[in-house]
Amino acid sequence: MFDIRLLRENEAHLREACAAKRATVDLDRLIELDQKRRDLTRRINDLNTERNTASKSIGQKIKAGEDAEAAKAAVRRLGEEIAAAEEAQRAVNADFEALALTVPNPPHATTPVGRGEEDNQVVGHWGEKPAFAFTPKPHWELGETLGILDLPRATKIAGSGFYVLRGAGARLERALINWFIDVHVREFGCVEVLPPHLVNSPTMTGTGQLPKMADDMYRVEGEDFWLIPTAEVPVTNLYAGEIIEGERLPIYHCAFTPCFRKEAGSYGKEVRGITRVHQFDKVEIVKFVRPEASYDEHERLLRQAQTLLERLGLAYRTVLLCSADISFAAAKCYDLEVWAPGMDRWLEVSSCSNFEDFQARRAGIRYRPGAKEKPAFLHTLNGSGLALPRTVIALLETYQQKDGTIVVPEVLRPFMGCEVIK
RNA sequence: GGAGAGGUGUCCGAGUGGUCGAUGGAGCUCGCCUCGAAAGCGAGUGAGGGCAUUGCGUCCCUCCGUGGGUUCGAAUCCCACCCUCUCCGCCA
């Protein structure tokens, strides 16, 4: 949820923000609804005052043994008036809420304004693309030959867009998950969380997936359950509706969960291998911080994710997303793209976003800045650390040898129990 | 899934139609006392919105799981749903 005061006081700024995000929102109607809503609220407030005092006097009359029927009738009419006003208010509120939920978070000043993916800015590179004395193979060939990736059977039991790992492949994914979490917990002060993978609609609305992304998510038939598209959803909503004491901030969480996405409309590209699938594992970092600290925290979040790729020895680049390409709820976002030599392309393995108070407003997550101070909305951030299948892809393709075996990076060997996958 | 009990403020816990945003206790904050602390005493201690802000608001509205309903008036009565607990069933 954006700040409604922004609309009242700085309409032009919000219009620019919507344009930068290439969102078409009927702000005129929103302003109109806001005005109506406030008028009705004031009117109902006044009517309630009237009714409250009248009702009290009726009580006194009855106690005194006087006849109160005339007064009762008058208040009954007042009650009808209030009911009508409340009915109108409900309708206006529903319209207002529905429309307000479609207003995107304005981009931060440091987010470049752009029209699309092509306007994203590469702001950093790390590592060299590996050189091979042979033609590097794509992960699906490596995986099949080694017997660690089984796409045909995944398709048989679930459908296209799913994968089955086996043997060292399954172990590799689990090794990465464990190592990621260990690093986040031991070195970056995260508290590990293992949340539900199904959540309800208010939770999906809190982080901004609903209403906009409804068609991209899986839903349980006949019940109010959605399959999470990222751990961001359950973890951020952990504190929904709560007021956190200021001294508890910042709070850092990390969580491993599967992520479920329909990826509708993506057929035709990225269909080979496991770059775009309906279910994938991810370790996510979620931060709850004081507003004044959020952009420092954002940079540190980025470093946290980068650290993982660097220790794995995988070449990557850092991309600052432009206003048109960042998500609906984000104010600023960096993507980390890892080099996959077999596919000869960059793959997004992490997205580190600052949502400022956008999600906090929607989900009602507040903090008390200091003793006796009024609660205020805190800032939320999250970043992948990291998405699994694509990390596995980069790893297989980067560390492949001429004979098709894979060298296991140093940091994973304790978790893998071997130095080479063969 | 079936039967029963219950959901009230930071926590415990009263309240079964009217002045209850809510008794009481604990906790916390401040003050007194003390060399200091404890005890004791006194005061304060939820959120949102409106209005006001020529001081700091003796001002108004809303919120007692959620949503409806009855009533002049509901934390209190009725209905639905959600959640928690106990027992039974089932099960990893």
Side-chain angles (χ1 to χ4, degrees), chain A residues 1-9 30-31 33-98 100-101 194-206 210 219-226 234 237-249 251 258 288 357-378:
Chain A
M1 182 79 68
F2 67 102
D3 187 346
I4 185 65
R5 269 167 298 203
L6 191 62
L7 178 59
R8 287 180 201 147
E9 290 159 18
L30 196 63
I31 292 169
L33 286 168
D34 180 46
Q35 193 54 51
K36 272 192 189 169
R37 196 175 62 134
R38 303 176 80 198
D39 290 346
L40 279 167
T41 303
R42 198 164 311 146
R43 181 168 151 72
I44 289 169
N45 189 324
D46 292 343
L47 289 171
N48 275 333
T49 309
E50 224 179 299
R51 175 167 65 179
N52 288 346
T53 47
S55 284
K56 278 179 191 172
S57 71
I58 288 174
Q60 281 161 356
K61 272 190 186 165
I62 292 174
K63 247 181 212 165
E66 296 171 34
D67 176 52
E69 288 313 308
K72 277 192 186 183
V75 181
R76 190 178 300 129
R77 280 194 296 278
L78 196 57
E80 281 159 13
E81 213 177 322
I82 291 172
E86 281 177 342
E87 183 57 45
Q89 187 193 40
R90 251 196 296 281
V92 171
N93 269 349
D95 288 353
F96 177 83
E97 293 287 330
L101 286 175
L194 203 151
H197 302 160
L198 263 54
V199 298
N200 55 28
S201 293
T203 299
M204 280 296 183
T205 308
L210 288 179
R219 173 167 214 184
V220 176
E221 198 177 337
E223 295 187 76
D224 186 27
F225 287 133
W226 301 81
N237 279 286
L238 240 29
Y239 304 103
E242 297 190 20
I243 299 170
I244 299 171
E245 287 307 321
E247 68 233 29
R248 284 185 58 201
L249 297 179
I251 294 171
F288 301 84
D357 65 3
F358 187 82
Q359 294 181 327
R361 283 179 189 283
R362 289 190 162 225
I365 310 171
R366 291 175 293 172
Y367 77 109
R368 199 177 300 281
K372 305 220 169 175
E373 285 190 63
K374 278 248 166 202
F377 292 108
L378 48 70

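Chain letters run A, B, ... following the sequence lines, proteins first and then strands; every chain starts at 1.
- Closest contact between the side chain of A:Ile58 and the listed nucleotides B:rC60, B:rC72, B:rG68 involves B:rC72.
- The two residues A:Val199 and A:Pro234 come nearest to each other via the heavy atoms CG1-CB, 4.1 Å.
- Going from the C1' atom of B:rG67 to that of B:rC72 covers 24 Å, rounded to whole Å.
- Nearest approach of A:Arg37 to A:Thr41, heavy atoms of both residues: O-OG1, 2.7 Å.
- In this structure, A:Arg90 reaches the sugar-phosphate backbone alone: every heavy-atom distance under 4.0 Å involves primed, P, OP1 or OP2 atoms, never a base.
- Taking atom CG on A:Asn52 and atom P on B:rG21, their separation rounds to 9 Å, with Å as the unit.
- Within the 4.5 Å cutoff, no side-chain heavy atoms of A:Glu247 are placed close to those of A:Tyr367.
- What separates OH of A:Tyr367 from P of B:rG46 is a distance of 20 Å, to the nearest Å.
- Mapping A:Ile243 and A:Asn48 onto RNA chain B via the closest heavy atom, the residue that lands nearer the 5' end is A:Ile243.
- Put simply, A:Arg42 has no side-chain N or O that comes within less than 4.0 Å of OP1 or OP2 on B:rC60.
- B:rC11 and B:rA5: their P atoms are spaced 26 Å apart (whole Å).
- Remark: the separation of the C1' atoms in B:rG46 and B:rC20 is 15 Å, to the nearest Å.
- The separation of B:rC90 from B:rG1, taken at their C1' atoms, amounts to 8 Å, rounded to a whole angstrom.
- Between the side chains of A:Thr203 and A:Asn237, no donor-acceptor pair is found at a separation under 3.5 Å.
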Given Watson-Crick or G-U pairs with both distances under 3.5 Å, what dot-bracket string fits RNA chain B, with | for other-strand pairs and [ ] for crossing?
((((((((.[[[..)..(.....]]]((((((.......))))))((((((.....).))))).[[[[[..)....]]]]])))))))....
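- Separation of the C1' atoms belonging to B:rC64 and B:rG48 is 15 Å when rounded to the nearest angstrom.
- Taking each heavy atom of A:Val92 and A:Leu33 in turn, the nearest pair found is CG1-O, 3.6 Å.
- In terms of phosphate contacts, A:Arg76 brings no side-chain nitrogen or oxygen within less than 4.0 Å of OP1 or OP2 of B:rG73.
- In this structure, A:Phe377 and A:Gly364 approach most closely via the heavy-atom pair CE2-CA, 4.3 Å.
- Using P as the reference atom, B:rU66 and B:rA74 are 16 Å apart when rounded to the nearest Å.
- Of the listed nucleotides (B:rG50, B:rG46, B:rC60), B:rG46 has the atom at the smallest distance from the side chain of A:Arg368.
- Counting only distance, with no hydrogens or angles, the side chain of A:Asp224 and the backbone of A:Ser201 share a donor-acceptor pair below 3.5 Å.
- Taking 4.0 angstrom as the limit, A:Lys374 places none of its side-chain polar atoms (N or O) nearer than this to OP1 or OP2 of B:rA47.
- Rounded to a whole Å, the CD atom of A:Glu50 is 20 Å from the P atom of B:rC59.
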Could you give the side-chain donor-acceptor pairs of residues 52-59 of chain A under 3.5 Å, partners two or more places apart or in another chain?
residue: A:Asn52; atom: ND2; partner: A:Asn48; partner atom: O; Å: 3.4
residue: A:Thr53; atom: OG1; partner: A:Thr49; partner atom: O; Å: 3.1
residue: A:Thr53; atom: OG1; partner: A:Glu50; partner atom: O; Å: 2.9
residue: A:Ser55; atom: OG; partner: A:Arg51; partner atom: O; Å: 3.2
residue: A:Ser57; atom: OG; partner: A:Ala54; partner atom: O; Å: 2.8

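- In this structure, A:Arg38 places its CZ atom 12 Å from C1' of B:rC51, rounding to the nearest Å.
- Using P as the reference atom, B:rA80 and B:rA3 are 13 Å apart when rounded to the nearest Å.
- Closest to the A:Arg366 side chain, of the nucleotides B:rC51, B:rA47, B:rC61, is B:rA47.
- Look at CD on A:Glu242: it is 14 Å from C1' on B:rA47, rounded to the nearest Å.
- Using C1' as the reference atom, B:rA43 and B:rU86 are 44 Å apart when rounded to the nearest Å.
- In this structure, A:Arg362 contributes its side chain and A:Leu101 its backbone to a donor-acceptor pair below 3.5 Å.
- At whole-Å resolution of the value, CG in A:Leu40 and C1' in B:rU62 are 15 Å apart.
- Atom CG of A:Asn93 and atom P of B:rG49 are 14 Å apart (whole Å).
- Ranking B:rG18, B:rG73, B:rC60 by closeness to the A:Ile62 side chain, first place goes to B:rG18.
- The interatomic distance linking A:Arg361 (CZ) with B:rG48 (C1') rounds to 13 Å, in whole Å.
- Each of A:Pro375 and A:Gly59 has a nearest nucleotide on RNA chain B; the 5'-most of these lies closest to A:Gly59.
- Distance from the side chain of A:Gln60 is smallest to B:rU19 among B:rC61, B:rG18, B:rU19.
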